[in-house]
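Working notes, structure below.
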Number of protein chains: 2
Amino acid sequence: MQEHEIIFEAFLEKQGLKYTKARKLILEIVFKLHEHFDVEYLYDLIHQVSKDVSRATVYRTIPLMVEAGLIQRSVRSESRDKYEHIYGHPRHSHWVCKNCGLVIETDIQDLMKLVQSEAKTQNFQIDEVNLTVRGICWKCRNNANESQ
Amino acid sequence: MQEHEIIFEAFLEKQGLKYTKARKLILEIVFKLHEHFDVEYLYDLIHQVSKDVSRATVYRTIPLMVEAGLIQRSVRSESRDKYEHIYGHPRHSHWVCKNCGLVIETDIQDLMKLVQSEAKTQNFQIDEVNLTVRGICWKCRNNANESQ
DNA sequence: CTCTTATTGAGAATGAATCTCATTTAACAG
DNA sequence: CTGTTAAATGAGATTCATTCTCAATAAGAG
């Protein structure tokens, strides 16, 4: 059994909840993904494998995975919430292009030092750090220049 | 005329748009606020002053103020988008306590240096920077300890 | 004033996310 | 294996922030 499964099952047990077939399948598909995903995209993938999992169950399972520390709500693109793995993934920033929707990720080791020192001053217990920069990516900037 | 008005009017003119009564009032109320606000809250305030501005116009004016560099979309609380001034306000981070909902803001001059250098490397044009840290504030940590 | 174009209010439409409820399933004791 | 209890589920209704439509109005140029 993979590590994320162990964590999820332990989490569910602790909450008096059950590790059902639907939850198992959702978790599995989520951890096969390596990009950010929204619920609709996830639901489509799940549906390709099994018609027996409803959209409602997918929506219901996501907050459980969040609470278990496996994924987090990430950038919000268009109008949909997006999610991403946090278990086993180093913290990173998101650079979102307003024009083409591209999301670039970069390491935030340096930033984390600043944040941790501030947290110490404030006596704040950090659970999540989210750095998002919005703007225009180099591709779209080039295209804009060319078309002038 | 206040500086934010000059900026907004210039922005509108440049776009071939008009600085109407409704837009003037919305801008005025927004710049009287010193907290984060969502559209519903803003609309309520505006409605107290004038019944002649519709919700639709408030929704339509917000992206204009964002484009003009006057406000930005900030943290998202519950299901609503929140906004905050950026013109005349130094960039800052948000420290959100998951327990009591407290939002602390801190300066991010040091962070901005990192972000700007990364942007240069990437040739990315920055429009918005948002650093949000979620966790437990010192007060709630103390309370938790006491009650054990 | 006249013309053109942007703006507006009201309410309909959209669409992501949540909720309801009747049915099914898991877990476990006997 | 059987019965019991509580959790889980699917389908579709509902909610609610946001966007859109469209007919009426207002701004601004000439």
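Below, chain A is the first sequence line, B the second, and so on; all start at residue 1. We use all heavy atoms of the structure for the numbers below, so side chains are in, but hydrogens, waters and symmetry mates are not. Note that the coordinates shown come from a computational prediction; the quantities given were computed from them, not determined experimentally.
- Map B:Thr20 and A:Glu40 each onto its nearest nucleotide of DNA chain C; the residue landing nearer the 5' end is B:Thr20.
- Listed for the B:Arg23 side chain is a donor-acceptor partner under 3.5 Å among the backbone atoms of B:Lys18.
- Closest to the side chain of B:Lys18, out of D:dA7, C:dA17, D:dG28, is D:dG28.
- Under the 6.0 Å cut-off for aromatic ring centres, A:Tyr87 and A:His4 do not qualify, their centroids lying 6.0 Å or more apart.
- Using a 4.0 Å cut-off on heavy atoms, the residues of residues 41-59 of chain B that approach DNA chain D are B:Ala56, B:Tyr59, listed by number.
- With salt bridges taken as basic N to acidic carboxylate O contacts below 4.0 Å, one links A:Glu28 and A:Lys32.
- Residue order along DNA chain D, read from the 5' end via each residue's closest nucleotide, puts B:Pro63 first among B:Tyr19 and B:Pro63.
- Between A:Lys24 atom NZ and D:dA8 atom C1' there is a gap of 16 Å when expressed in whole angstrom units.
- For D:dC16, neither phosphate oxygen OP1 nor OP2 lies less than 4.0 angstrom from any side-chain nitrogen or oxygen of B:Arg80.
- If you take CZ of A:Arg73 and P of C:dA16, they are 15 Å apart, rounded to a whole angstrom.
- The interatomic distance linking A:Glu13 (CD) with D:dA6 (P) rounds to 19 Å, in whole Å.
- Note that A:Arg55 lies in the cation-pi zone of A:Tyr43, set by a 6.0 Å cut-off to the ring centre and a 45° limit from the axis.
- If you measure from atom CG of B:Asp38 to atom C1' of D:dA17, you get 10 Å, rounded to the nearest angstrom.
- In this structure, B:Gln15 atom CD and C:dT5 atom P are separated by 18 Å, rounded to whole Å.
- Contact annotation for A:Arg23: backbone-only contact, meaning every heavy-atom pair under 4.0 Å involves sugar-phosphate atoms and none involves a base.
- For an aromatic pair to be called close, the ring centres must be under 6.0 Å apart, and A:Tyr83 with A:His36 fails this.
- Using a cutoff of 4.0 Å between basic side-chain nitrogens and carboxylate oxygens, B:Lys82 and B:Asp38 are not scored as salt-bridged.
- Atom CD of B:Glu9 is separated from atom C1' of D:dA27 by 13 Å (rounded to the nearest Å).
- If you take CG of B:Leu12 and C1' of D:dG28, they are 14 Å apart, rounded to a whole angstrom.
- Residue pairs satisfying the ring-ring contact (aromatic ring centres under 6.0 Å, His included) criterion with at least one member in residues 100-139 of chain A, sequence neighbours excluded, are listed as follows: A:Phe124-B:Trp95.
- Summarising the geometry, the separation between CG on A:Leu64 and C1' on C:dA17 is reported as 15 Å, rounded to the nearest angstrom.
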